[in-house]
Amino acid sequence: MAPKDKKNRLQARLPRGFADREAGDIRATEKMLAAIKRVYERYGFEPVETPFFEYTEALGKFLPDEDRPNEGVFSLQDEDGEWLSLRYDLTAPLARYVAENYERLAKPYRSYRAGWVFRNEKPGPGRFRQFLQFDADTVGAPSVAADAEICMMAADVMEALGIARGDYVIKVNNRKVLDGVMEAIGLGGEENAGRRLTVLRAIDKLDRLGIEGVRELLGEGRKDESGDFTKGAGLGDEQVAAILELLETPNLDRLVAEAAPAGELNETEAKILRDADIPPADDISNEVVFQTAALSQFTINDTFRQGFDELKEIGHLVRQAGYTLDRIQIDPSVVRGLEYYTGPVFEAALTFEVPNEKGEPVVFGSVGGGGRYDGLVGRFRGEDVPATGFSLGVSRLASALKNLGKLGADEETGPVVVTVMDKSRLADYQKITAELRQGLNKDRGPSEPPVPVEMYLGPSGMKAQLKYADRRNAPCAIIVGSDEFEAGKVQVKDLLEGKRKAAAIESHEAYKEERPGQFEIARESLVEEVAALLARQRGEA
RNA sequence: GCGAACGUAGCUCAGUUGGUUAGAGCGUCGGAUUGUGGCUCCGAAGGUCGGUGGUUCGAAUCCACCCGUUCGUACCA
């Protein structure tokens, strides 16, 4: 029995950072997943699924010099004492899967998968400890053509989700460019790994902190509003200037522009170039990308040049395939996570302002990302296996679209409700219900949504039953009492029509008398009449 | 993790310098209307005032710690 005293009563509460999903959310998400899946399959990717748990070592999450997994993952030990962890992304499990089945898979191996991932981090609005990702990856393709394809596919996905061209952008950068610059300013080598990380993290904050914030983080450090001090990378002025130049330069954008045959820029592209003060393609010299003072003091090295060439190639490929600057852009500030990316990195960002739950505008920013990770599969094999992929944050994107009203706006029609007036005749009501359920769904194909029909199962009277039907957003209710049973009739109540008519009725007596939207039909023509009513309602909507 | 603000009914919030029995609107349930959604009217349920301890004759109110939420910051492989 349930405890009567409140003291001992169990508190119903959701673990923090987790979310219940209700009908509307689930339907909306399923729609999104279907749309994304269609795009991935059009590119020839095939589905694969891996479990929620992996051995912790496969995720690479053991702390250095410790036999305990790192924070950030949910972990447990099985009875052999082996550490298992809930996956925190879909990339590491894919790498494990590919390595384990390497000989069997046709390479390049192209696969997609949607799934829940788990992060044991501080949750916040729009940040959960369990969320959905939808990934696509190509393993075994060293060419940047694979990276270019991923970018184009990401752009297609955004549009398939109903995000208009110009409302999103796929930003592309290359870790080698950043690595090359850091090398040039003397941050190369193993001993500077920590500082390189600090530099990358600083760059990653460009859109939030602005160029001055990044400058502080690259130098001595930065004090935030709460008075907390973040130690900087401690770079000298010239080094800082070189990195900032990379971030501010519009030159990388020229790569994409340049890939366009002369005179073929469309209007949007031309505007983007004008706004960024980028000269026309003719004026561009490939060789001298950084001609201003700071960076030119340092030697442009091979790492930088290689990254630069790869970006140029990607720009060329996407441009030739018809993906214009308003869809895919080079952006030198894109860093994307840490460690495992080895080359091109991508980020899918929304470019418009999204209102939050309180209606305040927020720049939503990144909803997905990816890049090349040539070393990840290799951890299991002893040789690098080239791989590149993209990961879409479905939950995050869904909440953006939801706040925007672009998702789940159309309310689902509820069930036809057969009310129960005379409880001694349950079998008759059940029969009517079954008849309607079969009859209304008989001709509906597998791609059409079914027509739900249910008998009221609660304990309440007529008034409450109709309230229930109303709340369920039922299109109509079926009412049969002893009078109707005797006469071989059925009352059908059109709840939508009734709602409309009721607005004009003032007194309750008149309301009761009129029974808006209700009509009587012969018992035999039940299915036919209800089908006709539903068809009428659909026609109006 | 660090810093700050906040925490009163399911929701949004009032609550005087510490003073009887903590209120409102919305929502929920019931009735007017025993066989009919809405409107209107009437009524009810619902609170250990986030928790624990302290100060006080007396605490929703003051203090300490804890928990939670939000914001900033760090981290986000």
Side-chain angles (χ1 to χ4, degrees), chain A residues 5-7 9 11-17 56 59-64 69-73 85 87-89 91-92 117-125 127-129 131 197-198 200-202 204-205 208-209 213 217 221-231 335-341 356-358 360 362 366 369 373 376 393 417 419-422 456 460-474 476-485 491-518:
Chain A
D5 53 325
K6 289 183 202 165
K7 262 222 161 90
R9 199 182 290 171
Q11 203 186 357
R13 58 196 189 118
L14 189 62
R16 61 182 303 205
T56 304
L59 301 178
K61 278 316 280 188
F62 276 99
L63 288 167
N70 203 341
E71 285 175 24
V73 293
S85 292
R87 62 190 181 191
Y88 57 83
D89 71 10
T91 310
V117 300
F118 303 83
R119 296 194 186 179
N120 194 1
E121 290 168 4
K122 176 181 160 185
R127 287 175 66 96
F128 296 96
R129 298 207 286 178
F131 55 96
L197 211 61
T198 310
L200 289 178
R201 284 172 186 162
D204 200 27
K205 295 185 175 69
R208 202 151 45 84
L209 301 181
L217 283 176
R222 179 176 175 273
K223 190 180 276 189
D224 66 53
E225 295 157 38
S226 68
D228 204 26
F229 185 76
T230 308
K231 199 169 179 303
V335 175
R336 283 320 294 177
L338 305 160
E339 254 71 81
Y340 67 57
Y341 290 120
N356 65 10
E357 292 77 4
K358 291 176 188 163
E360 301 156 343
V362 206
S366 168
Y373 50 98
L376 210 51
V417 173
T419 59
V420 175
M421 191 170 293
D422 181 352
Y456 178 78
S460 306
M462 214 15 71
K463 188 177 170 71
Q465 295 192 31
L466 283 162
K467 264 188 176 172
Y468 168 81
D470 199 36
R471 275 200 176 178
R472 289 294 307 276
N473 202 24
C476 67
I478 308 299
I479 302 166
V480 194
S482 49
D483 297 351
E484 285 81 5
F485 276 121
Q491 301 285 342
V492 177
K493 197 175 185 70
D494 180 342
L495 294 173
L496 305 185
E497 173 69 8
K499 186 175 284 178
R500 218 169 300 142
K501 281 189 176 162
I505 303 173
E506 306 243 327
S507 85
H508 189 74
E509 286 67 33
Y511 176 77
K512 252 190 100 171
E513 188 60 36
E514 194 162 323
R515 291 188 170 166
Q518 188 167 332

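Atoms considered below: every heavy atom in the structure, side chains included; atoms not considered: hydrogens, waters and symmetry mates. Letters A, B, ... mirror the listed sequences (proteins, then strands); counts begin at 1.
Using a distance-only test at 3.5 Å, with no hydrogens or angles considered, a donor-acceptor pair links the side chain of A:R129 to the main chain of A:R16. When atom types are taken as modelled, the side chain of A:Q465 and the backbone of A:V420 share a donor-acceptor pair closer than 3.5 angstrom.
If you measure from atom CG of A:D494 to atom P of B:U36, you get 19 Å, rounded to the nearest angstrom. Atoms NZ (A:K122) and P (B:C2) sit 11 Å apart, rounded to a whole Å. Residue A:Y511 contributes atom OH, which lies 17 Å from atom P of B:C41 at whole-angstrom precision. Rounded to a whole Å, the CZ atom of A:R208 is 8 Å from the C1' atom of B:U73. One can place CD of A:E513 at 15 Å from P of B:U33, the figure rounded to the nearest angstrom. Atoms NZ (A:K512) and C1' (B:U33) sit 5 Å apart, rounded to a whole Å. Put simply, CZ on A:R500 is 15 Å from C1' on B:G37, counting in whole angstrom units. Rounded to whole Å, atom C1' of B:C76 lies 9 Å from atom CZ of A:R201.
Atoms CG and CZ, from A:L200 and A:R336 in turn, are 13.0 Å apart once rounded to the nearest 0.5 Å. Of the inter-residue distances, the one linking A:L466 atom CG with A:Q518 atom CD reads 8.0 Å to the nearest 0.5 angstrom. The CE atom of A:M421 sits 8.5 Å away from the CG atom of A:D483 when rounded to the nearest 0.5 Å.
Among all heavy-atom pairs drawn from A:S507 and A:A510, the shortest one is OG-N, 3.0 Å. Closest of all the heavy-atom pairs between A:K493 and A:I479 is CD-CD1, 4.2 Å. Shown here for A:R119 and A:D89, the closest heavy-atom pair between the two residues is NH2-CB, 4.1 Å. In plain terms, the two heavy atoms of A:A502 and A:Y511 that are nearest each other are CB-CE1, 3.6 Å. For A:S85 against A:L59, the heavy-atom pair with the smallest separation is CB-CD1, 3.6 Å. Between A:L495 and A:D470, the shortest heavy-atom contact is CD1-N, 4.4 Å.
As rounded to the nearest Å, B:C49 and B:A59 have P atoms that lie 12 Å from one another. With P as the reference atom, B:U48 and B:C57 are 28 Å apart, rounded to whole Å. Rounded to whole Å, the separation between the C1' atoms of B:A22 and B:U61 comes to 12 Å. The gap from the P atom of B:C11 to that of B:G51 amounts to 15 Å, rounded to the nearest Å. Spacing of C1' atoms, B:U73 relative to B:C29, comes out at 47 Å, to the nearest Å. Comparing the P positions of B:G15 and B:A24 gives an interatomic distance of 15 Å, to the nearest angstrom. Spacing of P atoms, B:G23 relative to B:A60, comes out at 13 Å, to the nearest Å. Separation of the P atoms belonging to B:C65 and B:G19 is 25 Å when rounded to the nearest angstrom.
A:K205 has no side-chain polar atom (N or O) that falls below the 4.0 Å cut-off from OP1 or OP2 of B:G72. At least one side-chain nitrogen or oxygen of A:K463 sits closer than 4.0 Å to the OP1 or OP2 atom of B:G37. A close approach under 4.0 Å does not occur between any side-chain nitrogen or oxygen of A:R515 and OP1 or OP2 of B:G35. Phosphate contact (OP1/OP2 of B:U28, side-chain N/O of A:R471, threshold under 4.0 Å): present.
Closest-nucleotide positions on RNA chain B for A:D483 and A:A503 were compared, and the one nearer the 5' end corresponds to A:D483. Summary of the strand contacts: A:A474 and A:N120 both lie near RNA chain B, and taking for each the nucleotide with the nearest heavy atom, the more 5' one is attributed to A:A474.
A donor N or O paired with an acceptor N or O is found under 3.5 Å between the base of B:G35 and the side-chain atoms of A:E484. With hydrogens and angles ignored, a donor-acceptor pair under 3.5 angstrom links the side chain of A:Q518 to the base of B:U36.
Using a 4.0 Å heavy-atom criterion, one finds that A:I505 contacts the bases of the nucleic acid, with or without backbone contacts as well. Using a 4.0 Å heavy-atom criterion, one finds that A:S482 contacts the bases of the nucleic acid, with or without backbone contacts as well.
In this structure, A:H508 packs face-to-face on the six-membered ring of B:U33, meeting both the 5.5 Å centre cutoff and the 30° plane limit.
The existence of a salt bridge linking A:K512 and A:E509 is excluded, since no basic side-chain nitrogen approaches an acidic carboxylate oxygen closer than 4.0 Å.
Residue A:L495 has its side chain nearest to B:G37 when only B:C76, B:G37, B:U36 are considered. Distance from the side chain of A:K493 is smallest to B:U36 among B:G35, B:G38, B:U36.
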For nucleotides 67-69 of chain B, print each protein N/O atom paired with a nucleotide N/O atom at under 3.5 Å, atom names and distance only.
from  : atom 1 : to    : atom 2 : distance (Å)
B:U69 : OP2    : A:R16 : NE     : 3.4
B:U69 : OP2    : A:R16 : NH2    : 3.1

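In RNA chain B, the stems built from three or more successive Watson-Crick or G-U pairs (distances below 3.5 Å) are B:1-7 with B:67-73, B:10-13 with B:23-26, B:28-32 with B:40-44, B:50-54 with B:62-66.
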